[in-house]
Amino acid sequence: MAEKKKTYVEDIERTLYDIKNEDHSIYKTKSGLTEDIIRDISARKHDPKWMLDFRLKSLEIYNSLELPTWGPDLSELNMDDIVTYVQPDAKMVGNWNEVPEDIKDTFDRLGIPEAEKKSLAGVGAQYDSEVVYHSMQDELVQQGVVYTDMESALTQYEDIVKEYFMTLVPPKDHKFAALHGAVWSGGSFVYVPEGVHVDVPLQSYFRLNAAGAGQFEHTLIIVEPGASLHFIEGCSAPKYNVTNLHAGCVELFVKEGARLRYSTIENWSRNMMNLNTKRALVEKDGIIEWVSGSFGSHVSMLYPCSVLHGENARCEFTGVTFASKGQNLDTGASVIHAAPHTSANINTRTISKAGGRATYRSAVKVTKNADHARCSVNCESLMLDDLSRSDTLPTMDIEGDEADIGHEAKIGRISDEAVFYLTSRGIDEEEARAMIVRGFVEPIAKELPLEYAVEMNNLVNIELEGTMG
Amino acid sequence: MALQEKDVNNGTPAVTAAALAAEEQQRAVFSRIPSRTWRWLGANTAYMPEGLTDEPVTQTITVEPGQRDAVVLSERESGAYTVQADVQEGAVLDLVKVQLVPDDAPYTSRIFVHLGRGAKLNYTAIEAGAVHTASKLEVDMEGDDSQSDIWSLYFGDGESKIDLNYIIRQRGQRTDANMQVRGALLGHSEKTFRGTLDFQRGSAGSVGRENEEVVLLSSGVRNRSVPIMLSHEDDVDGHHAVSIGKMDENKLYYLMSRGLDLAAAQRLVVEASFQPVLDRLPASESALREEIDAYLLGRLSENE
């Protein structure tokens, strides 16, 4: 029997992301994690006393917790080698021209200022451990929308931050939540007042430039009753030969009748451990929409969680993961139905190639009082060679009888029949295979903001070889 | 230690990883899933039922090349049972397991089946008795072109606990695995079904299907479903699906419009769901089939 030929999909074009700047940081902590380092970070950031106490308590929890006993191997990560705080030689400004040249060039190459002009209502840009740029349209300021960095929020809106900060993802949640609680720096704070609709998206971009460093930004978004927001998060880093760590934390509070769309394209370098935690609490009639693309990182563990806390709360999750050589991307989603008539749709696609490992992991939990909960999960995995690995590990835990839960998953390769059909219609084989791969990720791409959909199409640059088996 | 509603405050499990780890150390483990996941879900480990030690009664079955053998295991007493079967090249094993252990007694079962080239396993299981059932099925599809066709039915009521762990390892080329599971839960019963299709490297040309359909019949039940698919081979076709919910109201409405009362209509729908599994019982076991029908009907009626 003739050997079946494989489909080759080119690695993501990374040149743009791999351009490094010289490290002009003005301060770095020592590598490792000690109480002195935590106190040092806290003092430099002029934390209030309660935040210092919070950091120290988190450190205590971090030291008491074990690494996860499931998922990717994290033994390569040695916290003694990680620098947890890197202060760039830049202060936060609201004008790109005031951002130091090399940093501005980096964000220019990534298209952030251009995107701000064209299609965004506000932009935040973080470089290493600190936010260097923040701006929002005046109209939104006048409506009472707050979009700023977390440090400013901690000063200007301390009561709000204190009320919400790490209540949804408490440090005891897992080891890297505790780490985040101890060393967090930077990130975004968004507050949308009741009834205000932010029609044009806000975007925060996180760039980690320093080798051997960690980035621990905190994103806190509160969308008050009847309000709406689309928030976009992007992140990247150049590649180094040492391990970098990203342990961010995202907490989203979607109040009664509010709507939040949270879109992320994660494109960290292949030396990055991306151990990020994202969670949304959705109240009555509220809607959370996640759009999540995972392309970069050496190792990823990322499972955005939606807690449907109020009646009729809803979650839509759309995700795509592309694991290539040297990557172990363990991604997915979890939903907790904790109120009646809540509903969720989870729709994911994964592609693995060249020895990459992609895992879809999910949890659907329906508590006893969540009668008439509905959840539909669909995950499809495409494997492009037999060096790679693709796993799906969903779990459903349903209490009571008034729930309607469906789950469906598929794993396979590009169908020879589909290629045959397309070629019989006059399309050449390479294009046929490319069309099939594009079609596979299309349900996800169409949910992305336009510029990100274009970027994703560029990222998934198809190069095909071979013929049908 | 199961995660309770009260433990989910704002989305954070209050049951700590340390507490779960301690539980694992204290209780005897019956089986594990092939790839671990979050501990707070309680899906990683099945424990030995209380009152049983892991000292099984073992039965060995060998089906010689090209032969066909039919074995019916009718288990009605509490205990730990193990079956080890070797189905050699081109052979077929028709294995039926009916578990009708008294509802106050614990029960465990481990079945290991090795399939040679072109061998086939037809497995039918009915798990309807016992206060706590822990059952594991492991099929090693080493032989090229081997097939496994697995149909299983479980029924939980009262305070019963059912813990099933089925693992199909597809190692040979062009293997074909089909896993169909039907269940109904009443009273305060709890069930966990872990079903794994594991396409190992070298299993090119293999297909695997897994499907679980669960009907939830009372507000006190708890259902966990863990359909796992692992793939180290691209040239495979794997599919799994799970459907969990209460009875289809349209079906009930239709039956009631034909004169059936609610209980009778529900009974009929459950029976229909179980039918594909029950129909696989060999014709020679008509007495057993009648006994199972009467047993299930009695249990359903008791819970009306």
Side-chain angles (χ1 to χ4, degrees), chain A residues 4 6 64-66 68-71 167-170 172-174 279-281 303 305-307 309 334 336 338 352 359 361 363 365 367-369 371 377 381-386 388-413 469, chain B residues 2-5 8-13 16-18 21 33 35-44 185-186 192 197 199 201-202 204-205 208 212 214-247:
Chain A
K4 289 185 178 177
K6 310 296 183 189
S64 72
L65 295 176
E66 300 296 320
T69 54
W70 48 273
T167 54
L168 197 49
V169 182
K172 67 178 183 187
D173 205 55
H174 58 82
R279 195 166 290 162
L281 182 68
Y303 326 95
C305 173
S306 306
V307 183
H309 191 251
S334 60
I336 297 174
S352 51
T359 300
R361 190 183 300 274
K365 164 83 186 165
T367 62
K368 207 165 188 171
N369 64 327
D371 51 81
V377 181
S381 304
L382 188 62
M383 294 181 70
L384 299 180
D385 56 55
D386 58 2
S388 305
R389 179 152 188 174
S390 183
D391 297 340
T392 64
L393 285 117
T395 301
M396 288 148 271
D397 182 4
I398 317 300
E399 292 186 80
D401 61 341
E402 293 282 357
D404 184 1
I405 309 299
H407 173 97
E408 196 171 357
K410 288 179 194 166
I411 288 182
R413 68 201 287 271
Chain B
L3 186 75
Q4 302 295 318
E5 181 192 334
V8 181
N9 42 30
N10 52 12
T12 305
T16 63
I33 52 175
S35 186
R36 292 171 70 86
T37 189
W38 294 295
R39 274 202 286 220
W40 66 272
L41 297 164
N44 286 322
L185 298 175
L186 289 97
T192 302
L197 293 174
F199 295 101
R201 183 172 285 175
E212 185 195 6
V214 194
V215 185
L216 309 173
L217 294 167
S218 73
S219 59
V221 301
R222 182 169 195 171
N223 175 78
R224 286 192 183 98
S225 296
V226 191
I228 298 174
M229 198 149 52
L230 310 173
S231 184
H232 218 309
E233 172 63 53
D234 66 322
D235 185 13
V236 297
D237 181 6
H239 184 275
H240 69 210
V242 177
S243 167
I244 306 163
K246 63 184 303 192
M247 210 166 271

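Chain letters run A, B, ... following the sequence lines, proteins first, then strands; residues in each count from 1.
- Counting only heavy atoms from C-beta outward, the side chains of Asp386(A) and Asp235(B) never approach each other to under 4.5 Å.
- Chain B forms the most heavy-atom pairs under 4.5 Å with one residue out of Gly412(A), Ala409(A), Ser306(A), and that residue is Ala409(A).
- Here Asp234(B) contributes atom CG and Arg389(A) contributes atom CZ; the two are 14.0 Å apart, rounded to the nearest 0.5 Å.
- Using a 4.5 Å cut-off between heavy atoms, Leu230(B) contacts chain A through both its backbone and its side chain.
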Original post:
Stepwise, does the side chain to side chain contact (heavy atoms under 4.5 Å, CB included) test hold for Asn223(B) with Met396(A)?
Top reply: CA-CA 8 Å; Asn223(B) 175 78; Met396(A) 288 148 271; 5.6 Å; no
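- Judged by distance alone, with hydrogens and angles left aside, the side-chain atoms of Asp391(A) form a donor-acceptor pair with the main-chain N or O of Ser231(B) at under 3.5 Å.
- Pro394(A) and Pro227(B) get closest at one heavy-atom pair: CD-O, 2.9 Å.
- The two residues Ser219(B) and Lys368(A) make their nearest non-hydrogen contact at O-CE, 3.7 Å.
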Subject >> Chi angles and distances behind the side chain to side chain donor-acceptor pair (under 3.5 Å) call for Thr395(A), Arg224(B) >> reply: CA-CA 7 Å; Thr395(A) 301; Arg224(B) 286 192 183 98; over 6 Å; no
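- Closest of all the heavy-atom pairs between Thr392(A) and His240(B) is OG1-CE1, 3.3 Å.
- Here the CG-NZ distance, from Asp371(A) to Lys246(B), works out to 9.5 Å after rounding to the nearest 0.5 Å.
- In this structure, Trp70(A) CH2 and Ile33(B) CD1 are separated by 11.5 Å, a value rounded to the nearest 0.5 Å.
- When all heavy atoms are compared, the tightest approach of Arg222(B) to Asp397(A) is NH2-OD2, 2.6 Å.
- Distance CH2/Trp38(B) to NE2/His174(A): 10.5 Å, rounded to 0.5 Å.
- Taking chain A as the reference chain and counting heavy-atom pairs below 4.5 Å, the highest number among Gly220(B), Ser218(B), Ala241(B) is found for Ser218(B).
- For Leu393(A) against Ser35(B), the heavy-atom pair with the smallest separation is CD2-O, 3.2 Å.
- Between chain B and the options Ser352(A), Ala403(A), Gly406(A), heavy-atom pairs under 4.5 Å are most frequent for Ala403(A).
- Within the model, atoms OG of Ser243(B) and CG of Asp404(A) stand 7.0 Å from one another, a figure rounded to the nearest 0.5 Å.
- When all heavy atoms of Met383(A) and His232(B) are compared, the closest pair comes out as CE-C, 4.1 Å.
- With chain A as the partner, the residue from Val226(B), Ile244(B), Val215(B), Leu216(B) showing the most heavy-atom pairs under 4.5 Å is Ile244(B).
- Note that the CG atom of Asn44(B) and the OG1 atom of Thr69(A) stand 7.0 Å from one another [nearest 0.5 Å].
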